[in-house]
Amino acid sequence: MDALARKLGLKTDPIIFFTSAGIMILFLVVLLIVPGPIGVAFGAGREWIVTNLGWFFILGVTSWVAFLLWVALSRFGAIRLGGNDAKPAYNNISWFTMLFAGGIGTVLMFWGVAEPISHFSNPPRPDVVPFSVEAADDAMSFSIYHLGLHTWAIFAMPGLAFAYFIYRYNLPMRFSSVFYPLLGERIYGPLGKSLDVFAILGTLFGVAVSIGLGTQQINAGLTELFGIPDAVITKVFIIAILTAVAVGSIVAGLDSGVKRLSNINIAMAVGLLLFVLFTGSTVFLLRAVVETFGLYITNLLPMAFWNDTLASYSRDGGAWGWQGSWTVFYWAWTVTWSPFIGIFVARISRGRTIREFVLGVLFAPSIFTLVWFAIFGWSAMEIDGIGPDAREALGEQAGILSAAVGESIPLAMFAFFESFPAATLIQGLAVVIVAIFFATSSDSASLVVDMLCTGSADPGPWHQRVFWGVSEGMLAAMLIVLAGEAGLTALQEVITVVGLPMFILVFAMMFALYRGLSQEDLSEVQVGRPPRREELAPDE
């Protein structure tokens, strides 16, 4: 493998690189040949996990939120991620835009209208009447719960562990490095490399699903705007064009490529947000933003521990009901690509204190998410009609967005803009924003996968980085071409099952991080000195 890596001009760990690439290709071939049986097998696994371990996912993510806040507010919060004199590499605005664009920008565009409307028309709680005021309140609360503090805790937990061990102890920029207090020098052996390969595969397949969903939304927008058919060839063309954009950004690097795309993307998304605010029911939405903060704060603790325990007595169709298809799926899916976001967040956060890191990563994107859902969600529910009287008053327009979501979730955002001025122009802008979010996520993931292979924050050769960018696009495209919807569905089942071992590994990260922090000497300078590696190694 070393000779082959040299021949190809690669700057990487050949075992990690070739093993990851080989397993990816092998799995893809098997998935394309027999997507049905794989979907059935992993579907059964997912069903078992949801039924028996759904409570574990819900309790686990809530415990990560609590742990992160404790670390930030404790004496460890002053520890600087890097040398004691290290300064942040990016200002707060650029840091936030890269956090958000590389994280869940595409997800907000996809679900900003669709998720509140879904919960509004099919309430999570069995005793809530659809389209009622109570249903609207619950729709907003659960939407923000799914994409607020808890989602960012899934990213921040590995991100903080990566940043701490990589920058405080000069360990390689690899997934295995965060387990040094538990594994010691074995992170450099077969066990450590296996962990790195697992993280790379989780990132590739998790991002492939995101690319598939983003492609569906872009195709839906083009169908709405230009009548372009919703077809396989269209989706492949979309993936090819945007992969080319992502590859260009990858070649440019983190500072020139990802940073520039992220800043442009957030500026356009904020512009879209302000357009909806000022051309919609402005006063109603301003009141709704304030009220949504209250709803989220009031309902956060009950939602964080709600397990739908009585579902089998109050609902038809299983012991988990609604929550198994939403919350548990969200957490299992998100954690599969948390190493990608974690490494990316760590890479752009060198020089910040633990307190700055945790509070920034948890709260800045969560506040933006809340405002986004408050404006788009309440606008959508107002259009759809809240309460029996309102729905009757709206006449034929009542339920129009609920019907659109029922027909095609990717179409929901574009159906929403039909109720606003300059609808065609705004729908076109939405397509562009989704496309740039798509490209930003793809190039961020490619750079991270390259880092996981090289073990360094310094970029590898351009053709090495491009390989991962092209691989992500081809993975999504080949699934769509050769396996169709069955392939994408099977992959969703796969990553949900893969989410369980990844979830357990993130718990192990938490214990490893605590062990590292507890060894810090804070007696002199507040940020202390890093302990020596032998002080962190497990007892033999």
Side-chain angles (χ1 to χ4, degrees), residues 57-58 61-62 64-66 68-69 96 99-100 103-125 128 132-156 266 269-270 272-273 276-277 280 284-308 322-323 325-331 333-335 341 359-382 384 386 401 405 409 412-413 416 437:
F57 282 90
I58 291 170
V61 179
T62 297
W64 298 346
V65 174
L68 288 166
L69 291 176
F96 166 68
L99 272 179
F100 187 80
I104 60 171
T106 305
V107 177
L108 285 192
M109 288 296 294
F110 192 86
W111 289 112
V113 169
E115 181 164 355
I117 288 294
S118 295
H119 303 335
F120 183 48
S121 56
N122 296 285
R125 302 182 193 275
V128 175
S132 65
V133 172
E134 188 178 3
D137 288 344
D138 274 4
M140 293 307 304
S141 297
F142 277 100
S143 295
I144 300 166
Y145 165 54
H146 286 154
L147 293 167
L149 286 174
H150 281 67
T151 282
W152 284 97
I154 296 174
F155 299 147
I266 291 298
V270 169
L272 191 64
L273 187 78
V276 174
L277 173 63
F284 168 76
L285 293 176
L286 291 174
R287 293 167 62 189
V289 169
V290 176
E291 188 168 317
T292 302
F293 271 95
L295 285 171
Y296 183 54
I297 293 169
T298 302
N299 295 322
L300 179 59
L301 198 60
M303 288 188 300
F305 291 96
W306 183 54
N307 269 271
D308 208 5
W322 174 91
Q323 202 175 28
S325 301
W326 282 95
T327 308
V328 177
F329 173 75
Y330 260 134
W331 296 166
W333 177 27
T334 304
V335 81
I341 301 295
L359 298 182
V361 173
L362 285 185
F363 287 97
S366 295
I367 290 171
F368 186 88
T369 297
L370 187 147
V371 173
W372 183 276
F373 269 114
I375 291 177
F376 279 88
W378 282 111
S379 292
M381 289 187 290
E382 183 188 32
D384 216 40
I386 301 174
L401 293 181
V405 170
I409 288 177
M413 180 70 77
F416 169 74
F437 271 132

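Numbers for residues simply follow the sequence, beginning at 1. Predicted, not measured: the structure shown is a model, and the values here were computed from it.
- Between the CZ atom in Phe329 and the OG1 atom in Thr334 there is a gap of 8.5 Å [rounded to 0.5 Å].
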Might you work through the side-chain contact (heavy atoms from CB on, under 4.5 Å) test for Ile58 and Gln323, ending with a clear yes or no?
CA-CA 10 Å; Ile58 291 170; Gln323 202 175 28; 3.5 Å; yes
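- For Asn307 (side chain) and Phe305 (main-chain N/O), a donor-acceptor pair under 3.5 Å exists by modelled atom type.
- In this structure, OG1 in Thr369 is found 9.0 Å from OH in Tyr296, a value given to the nearest 0.5 Å.
- The heavy-atom pair separating Leu277 from Leu286 by the smallest distance is CD1-CD2, 4.1 Å.
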Criterion side-chain contact (heavy atoms from CB on, under 4.5 Å) on Trp372 and Leu147, from CA distance to verdict
CA-CA 11 Å; Trp372 183 276; Leu147 293 167; over 6 Å; no
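- To the nearest 0.5 angstrom, Trp333 atom CH2 is 10.0 Å from Thr151 atom OG1.
- Remark: Asp137 pairs with no residue by the salt bridge (charged side-chain N to carboxylate O under 4.0 Å, His left out) rule, at least two apart or across chains.
- For Gly360 against Pro365, the heavy-atom pair with the smallest separation is O-CD, 3.2 Å.
- Between Glu382 and Leu285, the closest side-chain pair of non-hydrogen atoms is not below 4.5 Å.
- Side-chain atoms of Phe120 and Ile117, non-hydrogen and from C-beta on, do get closer than 4.5 Å to each other.
- Side-chain contact between Phe416 and Ser379: present, with at least one pair of heavy atoms (C-beta onward) separated by less than 4.5 Å.
- Within the model, atoms OG of Ser118 and CD1 of Ile409 stand 5.0 Å from one another, a figure rounded to the nearest 0.5 Å.
- Partner of Ile144 under the side-chain contact (heavy atoms from CB on, under 4.5 Å) criterion, out of Leu300, Leu149, Thr292: Thr292 alone.
- Between Phe376 and Leu273 the shortest side-chain heavy-atom distance falls below 4.5 Å.
- Going from atom CZ of Phe293 over to atom OG1 of Thr298 covers 12.5 Å, rounded to the nearest 0.5 Å.
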Take Trp378 and Val289, measure what side-chain contact (heavy atoms from CB on, under 4.5 Å) needs, and give me the verdict at the end.
CA-CA 9 Å; Trp378 282 111; Val289 169; over 6 Å; no
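- In this structure the side chain of Trp331 reaches within 4.5 angstrom of the side chain of His150, judged on heavy atoms.
- With sequence neighbours excluded, the residues forming a side chain to side chain contact (heavy atoms under 4.5 Å, CB included) with Ser141 are Leu295, Asn299, Met303, listed by chain and number.
- Relative ring orientation between Trp326 and Trp322 is described as parallel, the plane-to-plane angle staying below 30° on a 0-90° scale split at 30° and 60°.
- For Trp306 and Tyr145, the ring centers are positioned 6.0 Å apart or more.
- Ser366 and Gly148 get closest at one heavy-atom pair: OG-C, 3.2 Å.
- Heavy-atom minimum distance, Ala412 versus Val113: O-CG1, 4.0 Å.
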Is there a side-chain contact (heavy atoms from CB on, under 4.5 Å) between Phe96 and Phe368? Walk through the geometry before answering.
CA-CA 10 Å; Phe96 166 68; Phe368 186 88; 4.0 Å; yes
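- Using a 30° and 60° split on the angle between ring planes, His119 and His146 fall in the perpendicular class, above 60°.
- Between the side chain of Ser132 and the backbone N or O of Val128, no donor-acceptor pair lies under 3.5 Å.
- Taking every heavy atom of both residues into account, Ala156 and Leu68 meet most closely at CB-CD1, 3.8 Å.
- Residues Met140 and Glu291 fail the side-chain proximity criterion, which asks for heavy atoms closer than 4.5 Å.
- At a threshold of 4.5 Å between non-hydrogen side-chain atoms, the residues Trp64 and Val335 count as touching.
- The closest side-chain heavy-atom distance from Met109 to Leu272 is below 4.5 Å.
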